[in-house]
Amino acid sequence: MAESIALDQKPFTWEGTDSRGKRVKGKTIAASEAAVRAELRRQGVVPVRVRKQTVLFQKRGKVLPADIAIFSRQLATMLGAGIPLVQAFDIVGKGHENPAMQKLIFAVKADVEGGNALAEALAKHPLYFDDLFVNLVEAGEQAGALETLLDKIATYKEKTEAIKKKIKKALTYPAAVLVVALIVTTILLIFVIPEFEALFQGFGADLPAFTRMVVNLSEFVRDRGWLLLIIIVGSISGYLYALKRSRKMREIQDRILLKAPVVGPILVKASIARFARTLSTMFAAGVPLVEALQSVAGATGNVVYENGCLAIRDEVATGQRLQRAMENTDLFPNMVIQMIAVGEESGSLDEMSSKVADFFEEDVDNAVDNMSALLEPIIMAILGVLVGGLVIAMYLPIFKMGAVV
């Protein structure tokens, strides 16, 4: 129901008079003109004119994790300043530039105004608010410390998004260079090398093996390049389709990535950082450990660690200590296990988990920086081999003729 409300809402501009007869105007988002007029009367404003706002080139956009992080921080700030929840939603919603996020915020606001608890209203949008978010909000509502828990959620979201951005940034550059190298190589094979091939035919001599190989490759790309393109695109599409629908496929991919050189250790550290940060946030909110581990599993961002967390949850539910359950998964370094053990013994599991998260988040930052420094010369070498190899192959016959002369 909430999703349909979000989709049906439209922007309106309105003018009216308040209780003191003063002329006022503004903008709002609602399902219909009647809904706008009813809302204005509820606020003590007599509507004079209500018009549907026409936006010629409006971006539909989509709700991103970064939008949820910003929303959490804004809502926590508003509540911390003593602004009522519904009014805070109104302020945050009207100030957001993303239309999709605006609709989501006003849909949640409508549910809260209808008498639902905030956690219930958020739970109706599982694509944007996961179990972790909903459970923490519910704990905050029950404890009467919603602004404190929203602040913890905002901090958690900001830190996890920072890790994701760091890793994506490190991988974007080499991926872009490889794509450029592939495009340049294809252009050379299709347009440049055939010109050299026509030139070589007038030599009346055998071409060097390397040059012949490149010429044959050029002929293949020109004659059957479309078939190669179909195979590549089909393979990638099939792989992504299987990855989206098969948990086993995702597990195989994640297991391979965790063992990959250079990238693997970074992904391990990132998963441990998310594990520790989520555990710290949930436990500090007073969520029972077994219930917290369920949310921790979904927050690790890796199927292998998710399965490991679910196994830990099952063992803890039967009375096993968290330290021992973590050891049995063989996924966590000894240092992490020992710090968790100290936290269990001293009753400060949230604090020790936070220290683990801080350590590994910093470690991820350093590892990503090192990876960027390592990959840059490797990528440039690959680019040089691809393009330089083709150029050398084309000039080999000329060098050979010069040597004969």
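Residue numbers count from 1 along this sequence.
Centroid-to-centroid, the aromatic rings of Y305 and F332 come within less than 6.0 Å.
Pairing each heavy atom of E315 with each of T318, the nearest pair is O-OG1, 2.6 Å. Nearest heavy atoms, T211 versus L396: OG1-CB, 3.6 Å. For the residue pair K269 and A367, the shortest heavy atom distance occurs at NZ-CB, 4.3 Å. When all heavy atoms of F220 and L228 are compared, the closest pair comes out as CE2-CD2, 4.3 Å. The two residues Q320 and A325 have their closest heavy-atom pair at CG-N, 4.0 Å. Considering every non-hydrogen atom in both P265 and A260, the closest pair reads CD-O, 3.6 Å.
Within the model, atoms CG of N328 and CD of Q323 stand 10.0 Å from one another, a figure rounded to the nearest 0.5 Å. We find the CG-CZ distance between L257 and R250 to be 13.5 Å, quoted to the nearest 0.5 Å. Remark: L293 CG to L279 CG distance equals 6.0 Å, nearest 0.5 Å. To the nearest 0.5 Å, the span separating CD1 on I272 from CG on L267 amounts to 11.0 Å. The structure places CG of L146 at 10.5 Å from CG of L136, a figure rounded to the nearest 0.5 Å. With values rounded to the nearest 0.5 angstrom, K355 atom NZ is found 7.5 Å from D358 atom CG.
For R224, the CZ atom counts as loosely surrounded, since its 6.0 Å shell holds 12 or fewer non-hydrogen atoms of other residues, nucleotides or ligands. Counting non-hydrogen atoms of other residues, nucleotides and ligands closer than 6.0 Å to CD of E362 gives a total of 12 or fewer. Remark: R321 CZ is packed, more than 12 non-hydrogen atoms of other residues, nucleotides or ligands lying under 6.0 Å away. Enclosure of atom NZ in K152 is not indicated, since only 12 or fewer non-hydrogen atoms of other residues, nucleotides or ligands lie within 6.0 angstrom. For D223, the CG atom sits in a packed shell: over 12 heavy atoms of surrounding residues, nucleotides or ligands are nearer than 6.0 Å.
A heavy-atom distance below 4.5 Å is not found between the side chains of M282 and Q294. Between L104 and I68, the closest side-chain pair of non-hydrogen atoms falls below 4.5 Å. The closest side-chain heavy-atom distance from N116 to K124 is below 4.5 Å. The shortest side-chain heavy-atom distance between W14 and R49 does not fall under the 4.5 Å cut-off. Residues L149 and V137 have side chains not in contact (no heavy-atom distance under 4.5 Å, counting atoms from C-beta outward). Contact of the R73 side chain with the T155 side chain is registered, since non-hydrogen atoms from C-beta on lie closer than 4.5 Å. Counting heavy atoms from C-beta on, the side chains of S218 and F191 never come closer than 4.5 Å. Taking 4.5 Å as the limit, every side-chain heavy atom of E113 sits out of range of all side-chain heavy atoms of F89.
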Exercise for the section: Using the side-chain contact (heavy atoms from CB on, under 4.5 Å) rule, take I340 and M352 through it: C-alpha gap first, then chi angles, then the decisive distance, then the call. Expected result: CA-CA 6 Å; I340 293 296; M352 296 307 292; 5.6 Å; no

Handout entry: Test side-chain contact (heavy atoms from CB on, under 4.5 Å) applied to T160 and Y156, step by step
Key = CA-CA 6 Å; T160 52; Y156 164 79; 3.6 Å; yes

Practice task
Take E344 and R324 through the salt bridge (Lys or Arg N to Asp or Glu O under 4.0 Å) test and state the conclusion after the steps.
Solution key: CA-CA 11 Å; E344 277 190 297; R324 183 65 60 187; over 6 Å; no

Practice task
Kindly indicate, with the supporting measurements, whether the criterion side chain to side chain donor-acceptor pair (under 3.5 Å) is fulfilled by D350 and S280.
Solution key: CA-CA 4 Å; D350 56 334; S280 171; 5.8 Å; no

Practice task
I would like to know whether V108 and L118 meet side-chain contact (heavy atoms from CB on, under 4.5 Å); could you show each step before the answer?
Solution key: CA-CA 8 Å; V108 175; L118 178 58; 4.0 Å; yes

Exercise for the section: Using the side-chain contact (heavy atoms from CB on, under 4.5 Å) rule, take Q253 and M249 through it: C-alpha gap first, then chi angles, then the decisive distance, then the call. Expected result: CA-CA 6 Å; Q253 175 195 260; M249 188 75 173; 5.9 Å; no

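Put simply, the side chain of T329 gets close to the backbone of M326: a donor and an acceptor are under 3.5 Å apart. Between the side chain of N98 and the main chain of K62, a donor-acceptor pair closer than 3.5 Å is present. A donor-acceptor pair is defined here as one N or O able to donate and one able to accept, closer than 3.5 Å; such a pair exists between the side chain of N216 and the backbone of R212. Counting only distance, with no hydrogens or angles, the side chain of Q102 and the backbone of G93 share a donor-acceptor pair below 3.5 Å.
Using a cut-off of 4.0 Å between Lys/Arg side-chain N and Asp/Glu carboxylate O, E161 and K168 are scored as not salt-bridged.
No side-chain N or O of N302 forms a donor-acceptor pair with one of R255 less than 3.5 Å apart. Residues S353 and R277 have side chains that never bring a donor and an acceptor to within less than 3.5 angstrom of each other.
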